[in-house]
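Structure record follows, encoded as structure tokens.
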Amino acid sequence: RLGRAAVSVTMSRRYDSRTTIFSPEGRLYQVEYAMEAISHAGTAVGILSNEGVVLAAEKKITSKLLEPSKTSEKMYMVDEHVACAVAGITADANILVNYARQAAQRYTLTYQEPMPVEQLVQSLCDTKQGYTQYGGLRPFGVSVLYAGWDQHHGFQLYCSDPSGNYGGWMATSIGASTQAAQSIMKQDYKAGEMSLQEALQLAVKVLAKTCDSTSLSADKLDIATVTRPGGQVLYSPLPEAETKVLLDKAQEEAASGDA
Amino acid sequence: VKSSPAGAADMAQIEGVIGLVGKDFTMLMTDSNCADSILIRRHDYDKILKMDDHKLLAMGGDHADMVEFGELIQKNMTLYELRNGFPLSTHAAANYLRGEVAHGLRSGGMVMLDFLLGGFDEHAGPSLFFLDYLSALHKVDKVAHGYPAMFVTPILDREWKPDMTEAEAFEVMEHCITAIRERFLVSMPSFTIKVVDRNGVRVLRKPGE
């Protein structure tokens, strides 16, 4: 039966292959397909607290035979005052993180000051947007969470996607199970009243619930904070021992039926 | 003028640009002459540009560059403020300016100007930046460019002190003017004086006054 839906499906095949054109319904299919790729990636969450920003991610360990790497595939330092977590195609993420690092250094070379966080986000998003409008190249299959501090807006958390759109958030997530993650955070997040420790605990709780909780262990989590002790911004990856403490607590609470 | 940096530098030396930092303001002064070799075209030329609500750029040197380069920097600073919702800090603006002058040095588009950038920032207070045509940048309390600097620097050294009031600073500027008129070969009947503080930019003495 040739219903309207069937016609759209066969029609959409024509608009798939070129990234830089609209479909008749006004959609950019390549951008949507990129987001689909990201929805299979390890979840990453970002939470803003009064004392700093928390980034937490689930590493998708694909094989026991893989050498544990010193560098993370989820968490990156972009500059001394900005860090990011990524979800999606790792090779694409590497390119984007490199752009971001260059943009930050270029700014500091010109102005001798750290790049304001939102401007860094905008710069990367402008790059991403370019891949949806000209050049004929596919978009980046990466969503990014940015955590940073600057003197204009204090601690900030941003999220961007393959379309080049971004938003400022108090708490958000990217990768797999974002709907589940968002609903837990919407319930538990108290705007303006979260301490760093509470934010850390909430982040781990969210990951424990949205990932396969039984098999989740501390070595599968990558957690980092951006704080400002003594007036100096600090990006600080959490040691595995501390991650374990948070995870044990989260799994305990889950087991005891804590909603 | 541009093709001979040495020649151009000689002429630029004649222009006086003087600045000092007070308790909560920065004061800038230039002579108001517009000269063409031995002819003074006009005595009421304004060489102090308002860059934004809390920044002044005093310039000495090639007058064509004053307009073109001065306004280019001014417009780029406005663009930054429009894009980002806040202006550049004085320190950031000074470093941006330095980069542009430095770029011109090795790209055939030399900027034959000496600058004093004076500004006021909430967190940093008043500040003054010396920038010359070879892109040497220094943050200073008191300084001058050009031949007039030779007559004025001893006065600044002796009379400047930290936390001066606007009246005290203005008096120091008047002493500078006296010294220039007394000893400098080139006649300078008029000086422009402007000040920038928390409330913005003010003209204390108009060009031609």
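Because the structure is predicted, anything quoted here is derived from the model rather than measured. Residue numbers start from 1 in every chain, and the chains themselves are labelled A, B, ... in the order their sequence lines are given, proteins ahead of strands.
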Identify the heavy atoms of [X] and [Y] that sit nearest to each other, and give their distance.
X: Q119(A); Y: F86(B); value: NE2-CZ, 3.7 Å
X: Y107(A); Y: L88(B); value: OH-CD2, 4.2 Å
X: Q112(A); Y: H91(B); value: O-CE1, 3.0 Å

Under 4.5 Å from a heavy atom of chain B, the part of Q151(A) involved: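 Answer is side chain: those atoms of Q151(A) sit under 4.5 Å from chain B.
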
Pairwise distance CG(N95(B)) to CD(E113(A)) - rounded to 0.5 angstrom: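 Reported to 0.5 Å precision, the distance equals 8.0 Å.
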
Most chain A-contacting option - heavy-atom pairs closer than 4.5 Å, from S89(B), A94(B), G85(B), A93(B):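 Top option by heavy-atom pairs under 4.5 Å: S89(B).
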
Y96(B) vs T110(A) side-chain heavy atoms within contact, under 4.5 Å: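 Heavy-atom side-chain distance check passes, below 4.5 Å.
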
I'd like to know whether [atom1] of [X] has more than 12 heavy-atom contacts from other residues, nucleotides or ligands below 6.0 angstrom.
X: R228(A); atom1: CZ; result: yes
X: H103(B); atom1: NE2; result: no
X: W169(A); atom1: CH2; result: no
X: M170(A); atom1: CE; result: no
X: E32(A); atom1: CD; result: yes
X: Q179(A); atom1: CD; result: no

